[in-house]
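Remarks on the structure that follows.
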Amino acid sequence: MLEEVEHWLTRRSWSVADRPLDRLMVAKAARGTTVSVVLPALNEEETVGEIVSVIRRELMERVPLVDELVVVDSGSTDRTAAVAAAAGARVEHRDAILPRLPALPGKGEVLWRSLLVTSGDIVCFVDADLRRFSADFVSGIVGPLLTDQDVQFVKAMYDRPLHQPAAGRGPGQGGQGGRVTELVARPLLNLHWPRLAGFVQPLGGEYAARRSLLERLPFPVGYGVELGLLVDALHTAGLDALGQVDVGVRIHRHQDERALGRMAAAIYRTAQLRLSRAHLVRPELTQFERGENGFVPRTHAVDTEERPPVREIAEYTAGRAA
């Protein structure tokens, strides 16, 4: 590990316990900072309601840390939108945001569009499939942005057990989740962006950033969004502006191997684009499924589109000026 990264780890890695809520509220009030929380959601009716309820109860009603709680529904066919609204979130629908620009499928697309329907100085993203959710996921990663003006981008770090622990038992099988992180993202970062080697969960979906930074970054529309934003934040703001906070344990639904393969391909594509900005690898991935007569190839397109920095969108700049 680079000496610079070792030094960064001692200065920019924290625990959620390092910043109690009362300290965060003092810092928030002193600067008049506003906080938006965004949950991108696709068919998450089983989990989104509990996450929204916890954030509202702990961080909006008990203490007013969060000013805006938005669920962006990206085309759910279940009751995700209704459950989120009933729990107290404002629900925005992906296709209704910036309708002149047809929406593309993918998580990154939803995150990019969320900037047009939120107003917070700090924007905090939280995945909508988390179970046994704790408000620490939000307060932990928002904390450094409220207390330290030099920090611009903060990711959560946590254990990711592969199997959900049984009620009343320990945290489960630790360290087995995050397979794409260990097999694809971490090697890519260590080899090509070694200054980012200190991030424990580079692909984690829980992170917060200053709007002033996010509006300058391009957003890969699909699975590559977390790696793309992290790499671009490094180049735009510098390593010392980035940080991470330990929030404990993350329990969520795991993808099957084929979905992980498509995720890995999109992440590699995102990295390759940033490495070359020239000749690109073939943006398709062929996988195999066993059928009645043997293995059948299935070819999937790899996410290749990116949205430009949102400050280049006329509707965004007009809305911010209003």
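In this structure, CG in L104 is found 11.5 Å from CD in E306, a value given to the nearest 0.5 Å. With rounding to the nearest 0.5 Å, the separation of CE in M157 from OG in S13 is 4.5 Å. With values rounded to the nearest 0.5 angstrom, D78 atom CG is found 4.0 Å from N43 atom CG. Rounded to the nearest 0.5 Å, atoms CG (L69) and CD1 (I55) are 5.0 Å apart. For the atom pair L227 CG and W193 CH2, the distance stands at 6.0 Å (nearest 0.5 Å). In this structure, I313 CD1 and L101 CG are separated by 6.5 Å, a value rounded to the nearest 0.5 Å.
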**Request:** Determine, step by step, whether V310 and L214 satisfy the side chain to side chain contact (heavy atoms under 4.5 Å, CB included) criterion, reporting the C-alpha distance in whole Å, the side-chain angles of both residues, the deciding distance to 0.1 Å, and the verdict.
**Result:** CA-CA 8 Å; V310 73; L214 291 174; over 6 Å; no

**Request:** Check the pair V138, F133 against side chain to side chain contact (heavy atoms under 4.5 Å, CB included), reporting the backbone distance first and the verdict last.
**Result:** CA-CA 10 Å; V138 173; F133 179 76; 4.2 Å; yes

**Request:** Report the C-alpha separation of L260 and L183 in whole Å, then their side-chain angles, then the decisive distance to 0.1 Å, and conclude whether the side chain to side chain contact (heavy atoms under 4.5 Å, CB included) test is met.
**Result:** CA-CA 11 Å; L260 293 177; L183 296 175; over 6 Å; no

**Prompt:** Taking it one step at a time, do T147 and W14 satisfy side chain to side chain contact (heavy atoms under 4.5 Å, CB included)?
**Reply:** CA-CA 13 Å; T147 61; W14 301 283; over 6 Å; no

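Legend: residues meeting side chain to side chain donor-acceptor pair (under 3.5 Å) with S15, ordered by chain and number and at least two apart, are absent. Residues satisfying the side chain to side chain donor-acceptor pair (under 3.5 Å) test with S114, not counting sequence neighbours, are none. Among residues two or more places apart in sequence or in another chain, the salt bridge (charged side-chain N to carboxylate O under 4.0 Å, His left out) test is passed with E50 by none. By the side-chain contact (heavy atoms from CB on, under 4.5 Å) test, S134 is found to be paired with D136, F137, residues two or more places apart in sequence or in another chain being considered. The salt bridge (charged side-chain N to carboxylate O under 4.0 Å, His left out) check on E45 picks up nothing, with sequence neighbours excluded. Residues that satisfy the side chain to side chain donor-acceptor pair (under 3.5 Å) test with S53, not counting sequence neighbours, are absent from this structure. Residues forming a salt bridge (charged side-chain N to carboxylate O under 4.0 Å, His left out) with R210 (at least two apart in sequence, or on another chain): none.
Sorted by first then second residue, the salt bridge (charged side-chain N to carboxylate O under 4.0 Å, His left out) pairs that include residues 234-248, not counting sequence neighbours, are R11-D240, R12-D240. Note on residues 307-322: pairs passing salt bridge (charged side-chain N to carboxylate O under 4.0 Å, His left out), not counting sequence neighbours, are R100-E315, E109-R307. The salt bridge (charged side-chain N to carboxylate O under 4.0 Å, His left out) pairs that include a residue from residues 13-32 are K28-D67, where partners are two or more places apart or lie in different chains.
For the side-chain hydrogen bond (donor to acceptor under 3.5 Å, both in side chains) test with R211, the passing option among D121, T118, T34 is T118; the others fail.
Taking 4.5 Å as the limit, some side-chain heavy atom of P218 sits within range of a side-chain heavy atom of P309. Two residues are said to be in side-chain contact when any heavy atoms from C-beta on lie closer than 4.5 Å; M263 and V184 fail this criterion. The side-chain heavy atoms of F125 and V110, taken from C-beta on, include no pair separated by under 4.5 Å. Residues L196 and L242 are in side-chain contact: their nearest non-hydrogen atoms beyond the backbone lie under 4.5 Å apart. H7 is not listed as a side-chain neighbour of E3, based on a closest heavy-atom distance of 4.5 Å or more. Residues V221 and W112 form no side-chain contact, since every pair of their non-hydrogen atoms from C-beta on lies 4.5 Å or further apart. Looking at I141 and K155, their side chains never come closer than 4.5 Å, going by heavy atoms from C-beta outward. In this structure the side chain of Q244 reaches within 4.5 angstrom of the side chain of W8, judged on heavy atoms.
Of the possible polar contacts, one joining the N190 side chain to the R186 backbone as a donor-acceptor pair under 3.5 Å is found. For the pair T80 (side chain) and E44 (backbone), a donor-acceptor distance under 3.5 Å is present. T317 places a side-chain N or O within donor-acceptor distance of the main-chain N or O of A314, the cut-off being under 3.5 Å.
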Could you list the donor-acceptor pairs under 3.5 angstrom formed between side-chain atoms of residues 82-98 and any protein atom two or more places apart in sequence or on another chain?
{"residue": "R90", "atom": "NH1", "partner": "E92", "partner atom": "OE2", "Å": "2.5"}
{"residue": "R90", "atom": "NH1", "partner": "V117", "partner atom": "O", "Å": "3.3"}
{"residue": "R90", "atom": "NH2", "partner": "E68", "partner atom": "OE2", "Å": "2.5"}
{"residue": "R90", "atom": "NH2", "partner": "V117", "partner atom": "O", "Å": "3.1"}
{"residue": "R94", "atom": "NH1", "partner": "S74", "partner atom": "O", "Å": "3.2"}

Under 3.5 Å, which donor-acceptor pairs link side chains of residues 200-209 to any protein atom two or more places apart or in another chain?
{"residue": "Q201", "atom": "NE2", "partner": "Y158", "partner atom": "O", "Å": "3.0"}
{"residue": "E206", "atom": "OE1", "partner": "Y158", "partner atom": "OH", "Å": "3.3"}
{"residue": "E206", "atom": "OE1", "partner": "R250", "partner atom": "NE", "Å": "2.7"}
{"residue": "E206", "atom": "OE1", "partner": "R250", "partner atom": "NH2", "Å": "3.4"}
{"residue": "E206", "atom": "OE2", "partner": "D127", "partner atom": "N", "Å": "3.0"}
{"residue": "E206", "atom": "OE2", "partner": "R250", "partner atom": "NH2", "Å": "3.1"}
{"residue": "Y207", "atom": "OH", "partner": "E226", "partner atom": "OE2", "Å": "3.0"}

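Within 6.0 Å of atom CZ in R195, more than 12 heavy atoms from other residues, nucleotides or ligands are found, so the atom counts as buried in its surroundings. The neighbour count for E58 CD, taken as heavy atoms of other residues, nucleotides or ligands under 6.0 Å away, is above 12.
Hydrophobic clustering (side-chain heavy atoms under 4.5 Å, transitive across Ile, Leu, Val, Met, Phe, Trp, Tyr) keeps V142 apart from V26.
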